Protein chains: 2
Amino acid sequence: MTETDRRGVCSNAAMKPTIYDIARESGVSIATVSNVLNNTGRMGPETRRKVLRAVNALGYQRSSIATALAGKKSWSIGALLPDVNNPYFSEIVRGAEDEAFSRGYSVLVCNTDHDVERERAYLRTLRHKQMDGIVIATGTTPADQIAELLTAGIHVILLAREIEGAQVPIVMVDNYQGGYLAARFLLELGHRNLGFIGEPLTLRSARDRLGGFAAAIEEAGAALQVVGEGGFGIEAGARLAAGLLAHHRVTAIFTGNDQLAVGALQWCLEAGFQVPHDISLMSFDDTVFSRIVRPSLTCVAQPIYDLGRQTLGMLIGAIEAGEQPARRVVLAPELMIRDSTGPPPDGTASNDLKSGGDSNE
Amino acid sequence: MTETDRRGVCSNAAMKPTIYDIARESGVSIATVSNVLNNTGRMGPETRRKVLRAVNALGYQRSSIATALAGKKSWSIGALLPDVNNPYFSEIVRGAEDEAFSRGYSVLVCNTDHDVERERAYLRTLRHKQMDGIVIATGTTPADQIAELLTAGIHVILLAREIEGAQVPIVMVDNYQGGYLAARFLLELGHRNLGFIGEPLTLRSARDRLGGFAAAIEEAGAALQVVGEGGFGIEAGARLAAGLLAHHRVTAIFTGNDQLAVGALQWCLEAGFQVPHDISLMSFDDTVFSRIVRPSLTCVAQPIYDLGRQTLGMLIGAIEAGEQPARRVVLAPELMIRDSTGPPPDGTASNDLKSGGDSNE
DNA sequence: TTGAAAGCGTTACCAT
DNA sequence: ATGGTAACGCTTTCAA
C-alpha cells in the first residue's frame, strides 16, 4: 500500500482537496507538492508546472491549521486591549492590523473590558491557539502570567502601558514627559491652580502622566490643587470633573486621556463654565475625539497609529528572528494646541512662574 | 510497540506536555485522557481524578491547533469590517466580541479599509485558517465569494450591510425606514428644502437610507434638492457639505452616518452657519460621536452593540446546530432627538406638509 | 470503563 | 530532483 492510498479520492464535493489529491492528480508525491507550494527545496520547472496546474484544477486551499500543527507557526497574533471602542485603542488596532496584514499575519482581538479575569481567560486561549506572538496593551497583566507566555515560547510585547517586572520589549510614549509638557504649557499661560483627572493610578502610565505634571508644577512653585482618578470613559470624566470642581478652585484641568477630557468638558459646559474662558482643559492622546468636540482639545499628542504599527513590526521581527529583542521604544509626545486652553480668568493670573505665592479669588 | 511509546518523555523544559505525557503520568491511554478532558464517553471517577491530577502536575495546556485539525472546529470566527476605527464598527466589534467570548469563541478582526482586494485576501486567509464562521459587515463582498465560503462549509452571516445575491442570514436595521423617519421628522419641523449626504450609493444600505428619505419628502410634496454621496469619514462629510451648500439652498441636511455628520457639522460651523438655527443636521447611527459634538446630533439610532451581539449569537447558533438558518433579522431604527435640528429659519418654512401654505413657528 | 489505532493535512528529514 | 515516511497533538470509532 503506497502512501498515496491512505485516503480516498476527493470526489465528495464537500470534501476539500488536500495535498494528497493534488499529488495524485499531478502524479508526484506529497513531499514534492509541499515543496512546490512553499518554494522549498529544488524541483524541476516541469514538475512545478504540473503541480500548480493540479492546484488550480482542484481549487486546492492550504489548511493553515495543519501547517501550524506540523510547522509550528500559526501566523496569528493576539492583541489584548482594554476597550476597542475607545478611539485610542481602535486606532491602535488599525495600525497593528495594517502592519500584521502586510506581513502575512492576522490578529485576534481580545477585548478585556478592563477585567483581569477576562484577561487571564484570554491569555489561556491565546496560548492554546498557539499564537506566534501577543501584544498586551492593558497594562494589568500580572508579570508571572507574562513569564508563562515566554516559557511557552510565545513572543510578547507591551504596547503603551508598562508592566513592572515583565521582561519584554515595549513600545510606548514618554508619559512623564507628556505630563510635564502639559503642565509647562498651562503654567506659561499663567495658570497657578491646576487640577488633574486621570485613569486609575494603579496604571504606571497614569502615574507617570501625573508625575510629570506635578513635577513641572512644583518646579514652578504653582499649586496642583487636586487629583481625581479612577476612571477611563466619558462618564468618569464628567463625574471626576464634578467632584473636582465641587470643592476646588482651579483654572485648568489636565486629563489623563481624551475620553475623560470629553466627559469633563461636557460637565463643565453644562455646569455653566466657559471653556477655555473660565477654565482650561488639556488632554492626553490626540484621538479623533479631541478634534471633533467644541472647543477642540489642546492635548499631548501620541502617534497612535504608529504606536500600533511599530509594535507589530517589532513583534513580528522578533518572531521571525526567533529571539526576544530586549528593546524599549519610547516615542516623544508632542504638544497639540487647540481651543480648550487659554489664559486664566482675570485676577487669577497675577503671579509669575517663580514666586508661587498666590492669592487668587 | 505500544502507542504510548511513540514519543519520548516530556523532560525538556521547553517542550510542552501533551496528552501522551499525561497519559503516561496517570497510567491510562490517551483516549481516556481525551475523554476526561472533553467530558465525553464514560469514565470511572477514580480514573478521572488521576488524569486531572496529572494535568495539573504537568501544567498541561491543550493545543487548539491539534484539536481543530482532528476535531474539525477552530472555535474562531472571522469578522470583516471596513474600518474598526469608525466608532460604529468598533462598537459592533465590542458586541460581537462579548458574545463570542461568552460562548467560547475568539474573533479575528479583519480591517478591509474599504478595499475589495484586501477583503478578498482576507477571505482567503480566513478560509485557510478554518474559521467556523465569518461575519461580513463590509457590504462589498462579491456574492460568488460568499458562495465559495459556503461551499467550503463555513457559516457566513451578514451584518448591517446587505449583499445582493448572497444566500446567507443577515442582521441589520431597516435603513429605508430610518431614512423615512428622518425625513418625516425634518418635514414636521417645517423644512421644505432638504439635502442628503451619504455613503457611496453602491452600498445597498446607503441607497435605502436615501430611498426612504426621498420617499417621505416626495409624499409631503417638499423638495429633496440635492444629493451628495461617495464618502465615509469626517473629511468626506465636510467636503460633501461644502459641495452641497455651494449651489443649493437647503435648510436641513440628512447624513448617512455619524462620521459624515461630524464633518458636515464642522464645515457648517466654520463656514458661519448656525446649527440648527440656519441649518438643521440629522444623522444616522447614534454612535458616541453624535453625543459628544456640539450641538449634539439628532439622529436615527441603531442598536449598534446589540447588532454585533445578535449577529454573533445567530452565527454561533448556526455553527453549533450545523446548519444555515436562512433568517433575516431587521431591527427597527429609532429617532433620537438632540440639538442639531430645529425649525427652518424664518421665511423658509412657509408651507405646511400638505397644501403648501402655512405660517408655522 | 478503557485502550489501540486510524486519521486530520501539513512539514521535514532522509533516502534514492 | 523526488519520494517515502515519521512526526505534530488531538478526536473518534471499534474492540476488548
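Chain identifiers are assigned alphabetically (A, B, ...) following the order of the sequence lines, protein sequences preceding nucleic acid strands; residue numbering begins at 1 within each chain. Only a predicted model underlies this, so the values are computations on that prediction, with no experimental measurement involved.
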Quiz item: Hey, does B/Pro82 have a side-chain heavy atom less than 4.5 Å from the side chain of B/Asp113?
Solution: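 Contact flag for B/Asp113/B/Pro82 side chains = no.
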Nearest whole Å is fine: how far is [N] [atom2] from [X] [atom1]?
X        : N      : atom1 : atom2 : answer
A/Leu69  : C/dA12 : CG    : P     : 13 Å
A/Asp21  : C/dC8  : CG    : P     : 10 Å
B/Lys73  : C/dC8  : NZ    : C1'   : 17 Å
A/Ile19  : D/dT5  : CD1   : P     : 15 Å
B/Lys16  : D/dC8  : NZ    : C1'   : 11 Å
B/Trp75  : D/dC10 : CH2   : C1'   : 15 Å
B/Gln130 : D/dG9  : CD    : P     : 18 Å
A/Arg62  : C/dT11 : CZ    : C1'   : 10 Å

Consider the side chain of [X], meaning its heavy atoms from C-beta on, and name the nucleotide among [options] that approaches it most closely.
X       : options               : answer
A/Thr18 : C/dG3, C/dG9, D/dA1   : C/dG9
B/Arg42 : C/dT2, D/dG3, C/dT1   : C/dT1
A/Ala66 : D/dC10, D/dA1, C/dT10 : C/dT10

Quiz prompt | Side-chain donor-acceptor pair present, B/Ser74, B/Gln130, cut-off under 3.5 Å | solution =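 Not at all, the side chains of B/Ser74 and B/Gln130 share no donor-acceptor pair under 3.5 Å.
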Quiz item: Are side-chain N/O atoms of B/Arg309 and B/Tyr305 paired as donor and acceptor at under 3.5 Å?
Solution: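 The answer is yes; a qualifying pair exists.
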Which donor-acceptor pairs under 3.5 Å do side chains of residues 47-56 of chain B form with protein atoms, sequence neighbours excluded?
none

Quiz item: Which heavy atom of A/Ala121 sits nearest a heavy atom of B/Phe101, and at what distance?
Solution: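 Heavy atoms only, the tightest pair is CB-CZ, 3.9 Å.
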Practice problem: List the atom of A/Tyr60, the atom of A/Pro17, and the distance in Å for their closest heavy-atom pair. | Solution: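 Distance-wise, the nearest heavy atoms are CD1-O, 3.4 Å.
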Should [X] be listed as having a side-chain N or O under 4.0 Å from OP1 or OP2 of [N]?
X       : N      : answer
A/Ser63 : C/dT10 : no
A/Arg48 : D/dA1  : no
B/Ser29 : C/dG3  : yes

Quiz item: Which of these passes side chain to side chain donor-acceptor pair (under 3.5 Å) with B/Lys129: A/Ser63, A/Ser64, A/Ser106?
Solution: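 Testing B/Lys129 for a side chain to side chain donor-acceptor pair (under 3.5 Å) against A/Ser63, A/Ser64, A/Ser106 leaves exactly one candidate, A/Ser106.
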Self-check item: With B/Ser90, the side chain to side chain donor-acceptor pair (under 3.5 Å) member among A/Asn86, A/Asn111, A/Asn85
Solution: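 Among A/Asn86, A/Asn111, A/Asn85, the one that satisfies the side chain to side chain donor-acceptor pair (under 3.5 Å) with B/Ser90 is A/Asn85.
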Quiz item: Taking atom CZ of A/Arg103 and atom CH2 of A/Trp75, what is their separation to the nearest 0.5 Å?
Solution: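 These two atoms lie 9.5 Å from each other.
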Exercise. Answer yes or no: side-chain N or O of A/Tyr20 and base N or O of C/dC8 forming a donor-acceptor pair under 3.5 Å.
Key: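 Side chain to base: no pair present.
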Self-check item: Candidates A/Leu150, A/Ile134, A/Ile157 - the one meeting side-chain contact (heavy atoms from CB on, under 4.5 Å) with A/Val168
Solution: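 Per the side-chain contact (heavy atoms from CB on, under 4.5 Å) rule, the option paired with A/Val168 is A/Leu150, out of A/Leu150, A/Ile134, A/Ile157.
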Exercise. With axes from five pairs an end, tell me the bend angle of the helix from C/dT1-D/dA16 to C/dT16-D/dA1, nearest 10°.
Key: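 Computed from the C1' atoms at both ends, the axes differ by 40°.
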Identify all pairs in which a protein N or O lies below 3.5 Å from an N or O of nucleotides 12-16 of chain D, and state each distance.
none

Quiz item: Counting any heavy atom closer than 4.0 Å, what does A/Gln61 reach on the DNA or RNA strands: base, sugar-phosphate only, or nothing?
Solution: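 Since only primed, P, OP1 and OP2 atoms lie under 4.0 Å of A/Gln61, the category is sugar-phosphate.
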